[in-house]
Structure formats: C-alpha cells, structure tokens
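Data block below; observations after.
The structure displayed is predicted, hence computed values, not measured ones. Every chain is numbered from 1 and lettered A, B, ... according to where its sequence line falls, protein lines coming before strand lines.
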Amino acid sequence: MSEKWEDYKGHVPLVAPNNKRRIDVIIIGSGLAGASAAASLGELGYNVKCFTFHDSPRRAHSIAAQGGINAAKNYRNDGDSVYRLFYDTIKGGDYRAREANVHRLAEVSAHIIDQCVAQGVPFAREYGGLLDNRSFGGTQVSRTFYARGQTGQQLLIGAYQALSRQVKLGTVKMYNRHEMLDVVLVDGQCRGIIARNLLTGELERHSAHAVVLCTGGYGNVFYLSTNAMLSNTTAAWRAHRRGAFFGNPCFTQIHPTCIPVSGEYQSKLTLMSESLRNDGRCWVPKNPADRLKDPREIAEADRDYYLERRYPAFGNLVPRDIASRAAKVACDEGLGVGKSGLAVYLDFADAIKRKGRATVEAAYGNLFEMYEKITGENPYEMPMRIYPAVHYTMGGLWVDYELMTTIPGLYACGEANFSDHGANRLGASALMQGLADGYFVLPYTIGAYLSREIRTGEIPTNTPEFDAAEKEVRERIARLRGIGGKQSAESFHRRLGKIMWDKCGMARNAKGLEQAIKEIRDLRAEFWRDVFVPGSDAEYNPELEKAWRVADFMELGELMCQDALHRNESCGGHFREEYQTEDGEAKRDDVNYMYVAAWEWKGEGEQAALHKEPLEYEEVKVTQRSYK
Amino acid sequence: MRLTLKIWRQGGQYKGEYVTYQLPDVNPDMSFLEMLDVLNEQLISQREDPVAFEHDCREGICGTCSLVINGRPHGPMKGTTTCQVHMRHYHDGDTIVIEPFRAQAFPVVKDLVVDRSAFDRIIQAGGYVSVNTGQAQDANAIPIEKETASRAFDAAACIGCGACVAACPNASAMLFTSAKISHLALLPQGQVERQKRVLAMVAQMDKEGFGKCSNVTACEAECPKEISVENIARMNREYLAAVFASEKEMA
C-alpha cells in the first residue's frame, strides 16, 4: 500500500505534448484546488477553461483559512514522518477514510511546501531564516506551516498568481462571474457544462474532454456557518443528479472555536483559528450560578477546564469533533456562559502571564483584533466567548483513487470530494488536501483518462445532449421566476438551516432525523409554492442565483439526514446519541459500518440508493480513538 | 436605532440616482452588511428591486465587499473592511450615504457593484514567479531573513479590494500594483524577473486607465489592510532601475 502511489506514477498512461494541445479540460472553481489544478494542467499544455462565480479567482473561500497547512517535513526533528502524518489523519478521521488516498496525501505534502515557497508565499520564519512550525489539534508533533493568521490567503494568492501566469500565456481562459448549472453527458461520459453568465443571464455551452469540480464544501446547508455567504452545493449537486454518487454526506465538521451567535439577523459565523488552542484554555464555571458573573472574578477552584480534565494527554489540543462535543455537553448541563448560555470561555490570561503580552500578540494579534471588532470585547483583558459552528464538510462527491466520480470524465478535487478526511478532518489538513489534489495528484491521474481521448477531436456543442441540458436549465429558471410567491429565498434558507442545525448538527438521533426529513420535504413544497424571485433572468440578479442554490441545498439537506439516519453508529463528527460509550465518547460499529456510504440519485421525491465501499485497513491497526 | 440610508442606484429602472430608505429598527450588534440584508428583505417583501452590493466571506479577507460610506471607502474605521464595520459605531437618527467605488477603470455593474477585473489583468502582466509545478527545490534551501519575510508579508496582505483606487482623487492603482511588486522584489524568489515584472505591471496599470500618483496618500489611510505607501516609493525605485537597465541593454 505504501508504494502504491510511486507504482501508479510509474505506470499511468501519458499524453504526449503534441496531443495535450488538442485536449480541453474544464475546471469549475478557482480556490486552492481549482486554481492549482488549472495552473498545473495549463503548464502541462492542456487547453483549460476555468469558471468561477466570483468577480475574480482570488475571492474563493480558501482565502479565509487562518491557521496553517500540514506537511511531513520533520523540520523540527520531533519524530514526524510520512507514516505519522498518514496515521494521524486516518485516526483523526475515526477510521472512515480510504487508506491509499490518505497515504498519497501524506507523501505529497512536503512538495506542497516546496512549491509554495518557490512561488513566493511568505510563510513564517525563524531568526535563522528557515521555516517555522506550530502545533495543531490531534497530533503530537509540530508540522503546521503558517503565514500569520492568513495562511489560506497567502496560499491562494500563490495559486492565483500561478493561474494568472497561465492566463497570460494563453493556456487557461478564465470565465469569471459564470456559474455552472449543469454537466452534460454524451453516451455516459461527461462532455461539458451549461454555465450562466451572471452579468447578462445568458446560458452558455462549453464542451471538454474532462470536467473537474473544485467547488468546495456544502456547509452553508446549515445557513449559519463559517463558509462564505456565496459558497454553495449547486455544481456538486447538479453532478449528483446526473449520476455522480455522493459520499458520506452526513460527515460534517463542527469547529469548536467560533464567535457565538448574537441575534436573529445573523448572516454568518466567524471562526477563531484552532491555533488559539495552543495557548488558550477552555473552561466553564463549575457552578451554574456563576454563568453570568465576570469571568475574571471566578476563582480557579470554581472553574472546570473540561478538556484538560477529560483528555490529559492532548488537553486543549484534542481534535475538533471532540472539543466541539465537550463544549456542547458543558452547555447542555447548564454551564454555558453569556446571555444565550451557548458559549464557553477561551482564556489567554495564563499565556499572557507566562509569555508576556507581546509574544501572544505576535502569534494571534490579528485574530484578537477580529474578535474585538465583532464582539466589542478585548480578549487581552477578558476571556473570549466561543461556541462550535459548522465549518467544513468531509463528505462530498464520491471519487476513486484517480479522483474521478462515478461519471466517466468528471472529477472532483479538494473539499468537493469525500476522500481523505473520513468522519473528521484534522486542523490544517484542508489546505494540504486542496493543493495536493490540484498540484500533485490530478495532473497525473487525469492523464490516465485523457490518454484515451487523443483521437476524439473537438467536441461539438450543437448536439441533442447540449440542447436538452440547456432546455432543462432554462425551464428551471423560468419555474423559479414564475412562482411569484411571498417569501424570499433567504427566509427559506434560514429555516432549512435551523432544521439542519437542530436535528442533524452536533448530536443526532433517529427520531429527530426522521422528523427533519419530513420538515425538509414540507419546506421544499412550500418553497416551490411561495418563493419570490425579484428581477429578470436577463440581468445581474443575485436573488435568482440565491433561489437556485437554496433549492439545491434543500435536496442535499434531506440526503444528509438520510445518511445520518442510516449510519447507526457514532464516528468522528457524526454523533448519534443512541451510540455512545459510558463516558460519552463516540461508539463506532466497525463490524457493520466500516464503509463509505455512496448515494445514488434516483429522481425527485425518490429514495436515493445506497452503495457501500468497504474500507480495508492494511497499514493501520483499527482501535478505539483515544486522546486521553 | 432608526437610520436613514441614501443609496446610489444605477441600472434597471434607475438611470443613476440616490434613493432614500428608512430603517426603523437597527440592532447595534449587526454588521453593516447585515443591516443592508435587512433593507433588502424589506424591499423584497414590498416586491421592490433589492440593492445590489457585493460581499462574500464577511471576515475581511476575500476583498469582495466595497462601498463608499459617508465619503470613505469601507467606512469610518481604520484598517477595516465594510463587512467588519458594526452598527454600534452609528447613532440613532443618523443618515448614511452609500455609494459604489468610483473610478474610470472600475465601471459600475449595478447599484453598488463595480467591475474590478483590471486588477486581475495587472497581476496577469507579471505579478508572479515563473515556476511550474514540480520544479521547486526543498523549501528550506532558500533561507530568508525573518524581518525581510515579514516585510514581504506586509505587502502580500493586500486583498485586492480597490479601496486605494476609490480613495485616490486621481483613481490611481499605485498602492495595489506596488504591493505586489514589493512582495516579490523583497524575496529572493522574485529576483530573476524583478525588472521585467515592474515594467510589465506598470504598463498594464496605465493601459487600464488608472490615474497617476500625486502623493496624496489617501490610499494608505483608507486601505483596510493598512498597506504602506513605502511600497509606492519602492515601486518607483524599481521602475527607474528597470528603465535604465533596459536602456543599457539596448545600447
């Protein structure tokens, strides 16, 4: 298994340079996965078209990642290795990820850092001029490379610059302000897309020998999440409806350290980087009566540092799913702080005393500033109040080892696929995976498919298949605009989010999930009866875009609940209340559920069909995950 | 609190005019964009065309949001994007004037949305290190002094929002362009293409129709990432050095 990738690279069919010029590839999305894939395929000589709904590829939400990117460089001499990164990722994912993919990810991780440094990404450095590292949750080594609290921004700008260079060289053509609304299949193969020009409303047909979806995750199904406002599932969901299986849709990451909700008008939640848990200590008062008291006046003896107490080996640096759940348990016991009772403290007083304010400021200054801007409170003086929020989706389009979906010629990279993080993602691994897929995996694996396409020639778009796909898109837009009801798309999205968070969020149970499925069906019926979409379809119309996306979210939300309901075990971020150990930890069922659930679309209102990909562990011994 | 908004509307039924709206009940903990969300919900419920404005991450990093608020790009607070401005900085009864970023090189798309694709073309002209995937040596083979890396980061922190252009009376893009020139000129990786880069990027900047710099430095004052005008000075030096070097080559 550990030689699989080397072996694969040595034998995968290649496409000769003169043939690459005759092959078209469409990339949807321009975040870390999309920009790196588009740039790398352009460098190889393919004709690339890259689509983004943003006004510029640099706006993709990868830009908001704060903390860092993992790589098995072992620059600290602290015992890191490819195997250890591989092992930590498999264990962190609670033994629900595919071994071979994760091993490959660990292998290429070191090259990512090399590539980004060569592009000029200004990573943090030590006084000797060499790269600095920090620790993240779920590991006992320091392997996280970072650029202040803006690692995602700097990595994305690096990929954007590489992409811009290819645009200048003419190998990549950018389609900004374009949204993919369908994939087009010809004889079962993916042969192109229907895209809407968001400025004019025109529908466009684009053909290609392969299409790659790098469209990110679907956390916005919960309405409130740390995702950007426009992040959506539409491209992935449209592909699913055309036959691409959806893998483990219920595996959602709830990030433990976010700024709590402050009111009904709230549009999104803001993450406070996991790196804060290097120095911040999580606690709640032991006595419910102290909930609203000034935390600085609560004596040490009256505080419960619940992570340090429950998980002494990892303390505040336990993985995200465990930290989130522990915060929820504390709040459920009535110990949550602040007006809403849905918050815990993240306290830096000890770190400031031990290291000095200047050191703390150098490490976290921009995060503290962001916290103060949003809440109006100064975290140097007052412990932060934090609460878990939806952050990332481990589930996504099912892909094989080559990152191809179940539709031949359609690929999925980065957060859009399901492959590497199992039931829980470790911190600083999303950036790693997005760039691994785009820079170092897809450029090899897509050749295996495209080597069979060298005789195909240019694919025409004036065919019945493109006609039919465009007609369907046109009709759906007309249907949305024709309802003329009373409620905004936003209001439906908000209601969907509440159902999902209450019943398919941090803790789930069969009864709640059954109820949620019913509520979502009712909500969907109401949407198609009463939504109001202002404006026309022949102009810049963000409300129309939103309505389409919310309609797709409602279908996905139901599938997530189905998936959560069928998985009668707890693992990683999927916590079914019926399946827990005596001390409240997730209780897996490896005999019955050690598989990837890949769901097949069977039509509107029809039950999706379940396919199981068994997970076999050759290298790692499967045990109960313990951070004690 | 109660607010009066005077918003620039352009496109659709509006030829280009200020339209006044009343918001009776604004919560001080709302962000500025959440306040506009509330306005749009109100307009949609009255079957009116909502105000178009751009936004995405709402964390101050994607650079999508813009707006000139009471005459200032990104509003009243230093080093802050519009999405991070909260209504607690306003008072009951205030009137707020909201306009798009204005510059010849940023044509209005609709209402408060402008086209900033000129910035992409400036980067495409040379804002990169020409290294293909797979060509890199080990990352620690290029030691960089901590202080130098930190200064390069300061320049690289630019989010490409265009506030510098909107703030400048000449609508100059010198701060944006110089931030990228500085980021790469300060690092060893950027040395090989250093002269070619500055010539190409400045030429593209001029071609896009941005104005000249006359050292007003409003760009630095309004930049949400507090990018320093030192970068402009550095770009001017880089540009002159490159011009003389290219003349020497020709001679």
Side-chain angles (χ1 to χ4, degrees), chain A residues 39-40 43 54-56 58-59 61 63-64 73 75 111 113-115 117-120 122 125-131 147-148 150 153-154 157 160-162 164-165 167-168 176 199 228-230 262-263 265-268 270 370 373-374 376 439-440 443 488 490 532 534-535 539-540 542-543, chain B residues 12 27 29-30 33-34 37-38 41 44-45 47 49-50 52 54-64 80 84 86 88 109-110 113 115-117 119-120 123-125 127-133 135-140 142-146 149 152-153 156-157 160 183-184 187 189-190:
Chain A
S40 301
E43 288 161 8
H54 286 108
D55 68 321
S56 161
R58 68 180 296 154
R59 311 278 186 223
H61 192 52
I63 205 152
K73 279 286 198 186
Y75 281 162
H111 301 307
I113 304 303
D114 299 342
Q115 186 63 32
V117 167
Q119 291 169 345
R125 288 176 183 269
E126 299 175 323
Y127 284 104
L130 303 181
L131 293 164
R148 293 189 197 157
Q150 288 147 258
Q153 180 201 23
Q154 294 306 316
I157 295 298
Y160 161 73
Q161 289 174 191
S164 297
R165 176 171 160 248
V167 172
K168 183 71 178 174
N176 297 342
L199 289 181
M229 297 297 288
L230 306 180
S262 68
Y265 50 80
Q266 190 107 18
S267 61
K268 76 154 277 161
T270 302
M370 195 198 289
K373 270 179 194 163
I374 294 172
Y439 282 136
F440 296 109
S488 67
E490 187 83 6
F532 172 60
E539 60 172 342
Y540 179 72
E543 285 300 314
Chain B
N27 184 315
D29 283 330
M30 277 180 187
L33 297 183
E34 284 167 348
D37 290 342
V38 170
E41 282 292 300
I44 291 169
S45 72
R47 301 194 158 248
D49 191 24
E54 278 199 293
H55 63 95
D56 196 23
C57 78
R58 298 201 178 187
E59 293 180 20
I61 194 74
C62 71
T64 312
T80 305
Q84 297 293 287
H86 284 71
R88 66 180 79 96
V109 170
K110 190 182 178 193
V113 178
D115 176 1
R116 291 169 282 188
S117 56
F119 273 11
D120 281 339
I123 299 296
Q124 286 158 14
Y128 40 74
V129 175
S130 295
V131 52
N132 282 0
T133 303
Q135 290 179 328
Q137 75 240 62
D138 184 85
N140 263 351
I142 318 172
I144 301 170
E145 200 205 352
K146 188 179 167 76
F153 185 103
H183 162 210
L184 296 173
L187 295 174
Q189 300 94 307

Can you tell me how far CD1 of B:Ile61 sits from CE of A:Met370, rounded to the nearest 0.5 angstrom?
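The CE atom of A:Met370 sits 7.0 Å away from the CD1 atom of B:Ile61.
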Residue part contacting chain A, namely of [X], when any heavy atom lies under 4.5 Å:
X: B:Glu54; value: side chain
X: B:Glu59; value: both
X: B:His55; value: both
X: B:Asn132; value: both
X: B:Asn27; value: side chain
X: B:Ile142; value: both
X: B:Ser45; value: neither
X: B:Arg88; value: side chain
X: B:Val131; value: both

Less than 4.5 Å apart, side chain to side chain, heavy atoms only: is that true for A:Asn176 and B:Asp120?
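Yes, their side chains come closer than 4.5 Å.
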Are any of the side-chain heavy atoms of A:Phe532 and B:Ile44 separated by less than 4.5 Å?
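A side-chain contact exists here, since the closest heavy-atom pair is under 4.5 Å.
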Taking every heavy-atom pair that is under 4.5 Å apart, which of [options] has the most such pairs with chain B?
options: A:Tyr75, A:Tyr439, A:Phe440; result: A:Tyr75
options: A:Pro443, A:Ser262, A:Ser40; result: A:Ser40
options: A:Gln150, A:His61, A:Glu490; result: A:Gln150
options: A:Ile63, A:Asp114, A:Val117; result: A:Asp114

In chain order, what residues pass the ring pair (Phe, Tyr, Trp, His ring centres under 6.0 Å) check against B:His183, with sequence neighbours excluded?
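Result, ring pair (Phe, Tyr, Trp, His ring centres under 6.0 Å) vs B:His183: none returned.
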So which of [options] has the largest heavy-atom pair count under 4.5 angstrom toward chain A?
options: B:Leu184, B:Val113, B:Asp115, B:Val38; answer: B:Val113
options: B:Met30, B:Lys110, B:Arg116, B:Gln84; answer: B:Met30
options: B:Leu33, B:Asp49, B:Asp37, B:Val109; answer: B:Val109
options: B:Glu145, B:Glu41, B:Lys146; answer: B:Lys146
options: B:Ala152, B:Ser117, B:Gly160; answer: B:Gly160

Give the minimum heavy-atom separation between [X] and [Y], together with the two atoms involved.
X: B:Phe119; Y: A:Tyr160; answer: O-OH, 4.3 Å
X: A:Arg165; Y: B:Val129; answer: CD-O, 4.4 Å
X: B:Leu187; Y: A:Gly120; answer: CD1-O, 3.3 Å
X: B:Tyr128; Y: A:Ser164; answer: CE2-C, 4.3 Å
X: A:Arg125; Y: B:Ile144; answer: CD-O, 3.4 Å
X: B:Arg58; Y: A:Lys268; answer: CB-CD, 3.4 Å

Just by modelled atom types, is the [Y] backbone N or O under 3.5 Å from a matching donor or acceptor in the [X] side chain?
X: B:Arg47; Y: A:Pro534; value: no
X: A:Glu43; Y: B:Thr133; value: yes
X: A:Gln161; Y: B:Ile123; value: no

With a 4.5 angstrom heavy-atom cut-off, which part of [X] approaches chain B: side chain, backbone, both or neither?
X: A:Gln154; value: side chain
X: A:Ile157; value: side chain
X: A:His111; value: neither
X: A:Asp55; value: both
X: A:Ile374; value: both
X: A:Glu126; value: backbone
X: A:Ser56; value: both

